[in-house]
Amino acid sequence: MQTTERKVEIKPINCSHYIGGKYVESKSGKTFKNINPATEEVLGVVAEGGREDVNEAVEVARTALKGEWGNMPVRKRSAIIRKIGDLILERKQELATLETLDTGKPIWLSNSVDIERAAYNFHFFADYMTTVGNESYQQDDIAIHYSVRRPVGVVGLINPWNLPLLLMTWKLAPALAAGNTVVMKPSEVTPMTATVLAQICTDAGVPEGVVNMVHGFGNTGAALTSHDDVDAIAFTGETVTGSAIMKSAAPTLKKLSFELGGKNPNVIFADANLDDVIETTLKSSFINQGEVCLCGSRIYVERAIYDEFLERFVAKTKELKVGDPFAEDTKVGALVSEEHYNKVLSYLAIAKEEGGTFLTGGKKADMEKGFYVEPTIITGLGRDSRCVREEIFGPVVTVLPFDTEEEVMEQVNDTHYGLSASLWTGDVKRAARLSAQIEAGMVWVNTWFLRDLRTPFGGAKRSGIGREGGAHSFDFYSEITNVTLKL
Ligand code: NDP
């Protein structure tokens, strides 16, 4: 049994709402506890927002829309947005520590991915916004048609717990770049970095009332999605929550952007470079404890290399150290909460009932405290198994052999999800042919999670609505008016 001996110099914070450029408590005075998933200790308390707090935040955001933010010269707004990215980097150690305390993810990951990328989201959109153009068409000598943009208005940003700062900034940066005002609702289990981010925005020069935040549970989010005076909702989270939000936003016909769940296939052909496959598949299976929407949790391997793949993949997985997120050599930290841990363990029980074989893991890790699950590779499950079909969102993958392209493609698309897929093959024609057939928003060929922020990001089928990234984000956060000028 391992214990966790930690040297953490940065202290956790209590989390208040942020409204009108100030931290404020809930009108009801209610709070809830924030738990460290790696130790089960209480990190602090979080203000529990109700409808009245959401109402105030929306009213403040609506008033701020009339201020200078949306009408500011682009270069000035861009400089402020760039500064937010700079300040995130200046406070990187603090933010990375808070993210690891909240999520249980390894500190090296918070440092190298979450916080770096959060800063880059602002740097990217600060540059991008200065290049945005509009459409224009000359209709013979009759008219010129051109479009103009304005902010959509007050936008609600609702986010999950797996990449808290990265995902919040992925929405906040373009929303601000396009001149909107916002109300953020972070996940109840990971409130700390968003709390710091709100202050960073003010420190960077964002006018008061432009960035607001209300903490709380699902009902706090629902108060935002049903609010009369909110114009758009950008949501990342589970597919079922997306469906509930769609219903609650329907009466006021809000503009919606949804990035939802996935059950992504990772298809490996015998002509792929197996060294690359193993190295990347370890990441696409277990990085961030498998709590990444893009993780390739359904692995399909061509039968000719099935045994070799498994032997090497199992050996490498056994080397992954599970444990204290603040230890440098930890590769897999704690799952984010007790509730989620129990959900992942329940799928391991289902796999057992369904007759699966655990080649690694299959159980909680040997830690004194905290919500740790061993990286788990399961074989022997049929395509109808719940573990093959449902999103587990933990360090759990299933591996199935296949014989033909047709057979594997049929299984790849046999799902309601359609977020992403990985294809491994040395045959470029096959890669192009199959990529076009995969019903997913993103296909990676011989790689995984390689991102360029200009590209469309989002899911097909029940994995999302709309795309974000570059022009796609900018279009979502802008209202476009066409002007026809008769000549
Ligand atoms: P949830 O859908 O449970 O929660 C997401 C956010 O929505 C939280 O802030 C949550 O509040 C809030 N919420 C819950 N119910 C409602 C409601 N009725 N109305 C408005 N807001 C609500 O997702 P998880 O936090 O469990 O995150 C994991 C999921 O996110 C996985 O399915 C994963 O695939 C998906 N995801 C998708 C990504 C993508 O890009 N496609 C990226 C990352 C994750 P509360 O804190 O109380 O739960």
Side-chain angles (χ1 to χ4, degrees), residues 15 32 34-35 37 46-51 54 102-103 105 113-114 117 156-171 183-191 194 213-227 230 233-250 254 256-264 287-297 335-337 339-344 390-394 415-420 440-442 449 451 456-469 472-473:
C15 299
F32 59 92
N34 184 20
I35 305 294
V46 185
E48 182 181 336
R51 189 168 284 278
V54 169
D102 247 353
T103 59
K105 71 176 73 192
V113 176
D114 294 74
R117 176 54 202 287
L157 311 178
I158 304 179
N159 274 295
W161 43 255
N162 61 327
L163 303 160
L165 193 69
L166 189 161
L167 290 174
M168 189 61 90
T169 55
W170 175 235
K171 299 186 185 321
V183 179
M184 305 187 280
K185 209 303 269 174
S187 167
E188 103 231 5
V189 286
T190 54
M213 181 186 53
V214 182
H215 291 290
F217 298 89
N219 58 348
T220 313
L224 198 54
T225 59
S226 59
H227 200 292
V230 171
I233 295 287
F235 168 75
T236 299
E238 285 187 18
T239 294
V240 286
T241 316
S243 171
I245 290 178
M246 200 170 210
K247 267 190 219 141
S248 103
K254 291 182 186 16
L256 299 173
S257 171
F258 283 171
E259 296 191 347
L260 306 176
K263 185 75 185 176
N264 310 302
I287 202 163
N288 208 44
Q289 300 69 245
E291 297 165 323
V292 179
C293 53
L294 305 165
C295 273
S297 52
L335 295 184
V336 76
S337 67
E339 186 186 348
H340 188 58
Y341 168 74
N342 286 331
K343 176 185 157 185
V344 173
E390 297 174 17
E391 186 183 40
I392 301 173
F393 215 58
T415 167
H416 287 309
Y417 290 115
L419 189 56
S420 69
M442 293 159 281
F449 212 161
R451 295 273 294 118
F457 181 95
K461 294 156 101 176
R462 294 186 198 171
S463 286
I465 295 183
R467 296 289 182 273
E468 296 184 5
H472 301 272
S473 294

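Just so you know, ligand 1 is whichever comes first in the structure, and atom 1 is the first atom listed for that ligand. Treat the numbers as computed from the prediction; the structure is a model and nothing was measured. Throughout, residue positions are numbered sequentially from 1 according to the sequence presented. Computed from heavy atoms alone, side chains included, the values below leave out hydrogens, waters and symmetry copies.
With respect to atom 3 (O) of ligand 1, the closest heavy atom belonging to the protein is T241 OG1, 3.8 Å. Taking atom 42 (C) of ligand 1 as the reference point, the nearest protein heavy-atom neighbour is C293 SG, 2.7 Å. For atom 28 (C) of ligand 1, the closest non-hydrogen atom on the protein side is F393 CE2, 3.7 Å. Looking at atom 43 (C) of ligand 1, its nearest protein heavy atom turns out to be N162 ND2, 3.3 Å. The protein non-hydrogen atom at the shortest distance from atom 23 (O) of ligand 1 is E238 N, 3.4 Å. If you check which protein heavy atom lies closest to atom 27 (O) of ligand 1, you get P160 CB, 3.1 Å. From the protein, the heavy atom lying nearest to atom 19 (N) of ligand 1 is A222 N, 3.5 Å. Protein heavy atom in closest approach to atom 26 (O) of ligand 1: W161 NE1, 3.1 Å.
Close approach of ligand 1 to L260 is summarised as follows: ligand atoms under 4.0 Å from at least one heavy atom of the residue are 34 (O), 37 (C), 38 (C), 39 (C), 41 (N). Listed by number with element, the atoms of ligand 1 under 4.0 angstrom from any heavy atom of L419 are 41 (N). Of all atoms in ligand 1, listed by their number and element, those nearer than 4.0 Å to a heavy atom of F457 are 40 (O). If you number the atoms of ligand 1 from 1 as listed, the ones under 4.0 Å from a heavy atom of P186 come out as 9 (O).
Between T225 and ligand 1, no pair of N/O atoms sits closer than 3.5 Å. Not one N or O of G221 is nearer than 3.5 Å to an N or O of ligand 1, by distance alone. Checking only distances, A244 never comes within under 3.5 Å of ligand 1, N or O to N or O. An N or O contact shorter than 3.5 Å links E188 to ligand 1 by distance.
When heavy-atom distances to ligand 1 are checked against a 4.0 Å cut-off, E391 comes that close only through its side chain, counted from C-beta outward. The proximity of N159 to ligand 1, defined as any non-hydrogen pair under 4.0 Å, is limited to the backbone. Counting heavy atoms under 4.0 Å from ligand 1, residue T236 touches it through both backbone and side chain. Residue V240 does not touch ligand 1, judged by heavy-atom distances below 4.0 Å. When heavy-atom distances to ligand 1 are checked against a 4.0 Å cut-off, T239 has no atom that comes that close, whether in backbone or side chain.
Using a 4.5 Å heavy-atom threshold, the side chains of T220 and H215 count as separate. Within the 4.5 Å cutoff, the side chain of P164 has no heavy atoms near those of the D102 side chain. Between I158 and T225, the closest side-chain pair of non-hydrogen atoms falls below 4.5 Å. Annotation: side chain of W170 is not in contact with side chain of L163 (no heavy-atom distance under 4.5 Å).
A donor-acceptor contact shorter than 3.5 Å links the side chain of N264 to the backbone of C295. For K461 (side chain) and T415 (main-chain N/O), a donor-acceptor pair under 3.5 Å exists by modelled atom type. Judged purely by atom type and a 3.5 angstrom limit, K105 has no side-chain atom pairing as donor or acceptor with the backbone of Q289. Of the possible donor and acceptor atoms, one in the side chain of H340 sits under 3.5 Å from a partner among the backbone N and O of F393. Within the 3.5 Å criterion, the main-chain N or O of A249 finds no donor-acceptor partner in the side chain of S226.
Distances from ligand 1 to the non-hydrogen atoms of F235 include at least one value under 4.0 Å.
Ionic pairing of K171 and E468 is present here: one or more N-O contacts between side-chain nitrogen and carboxylate oxygen are shorter than 4.0 angstrom.
Counted within 6.0 Å of CZ on R462, heavy atoms from surrounding residues, nucleotides or ligands total 12 or fewer; the atom is thus considered open.
Side-chain N/O atoms of T190 and T103 include no donor and acceptor closer than 3.5 Å. Side-chain atoms of N162 and N288 form no donor-acceptor pair, as typed in the model, at a separation below 3.5 Å.
Ring geometry, F258 versus F235: the interplanar angle exceeds 60°, so the pair is classed perpendicular (tilted spans 30 to 60°).
Distance screen at 4.0 Å: atom 15 (N) of ligand 1 has a protein heavy-atom neighbour inside the cut-off.
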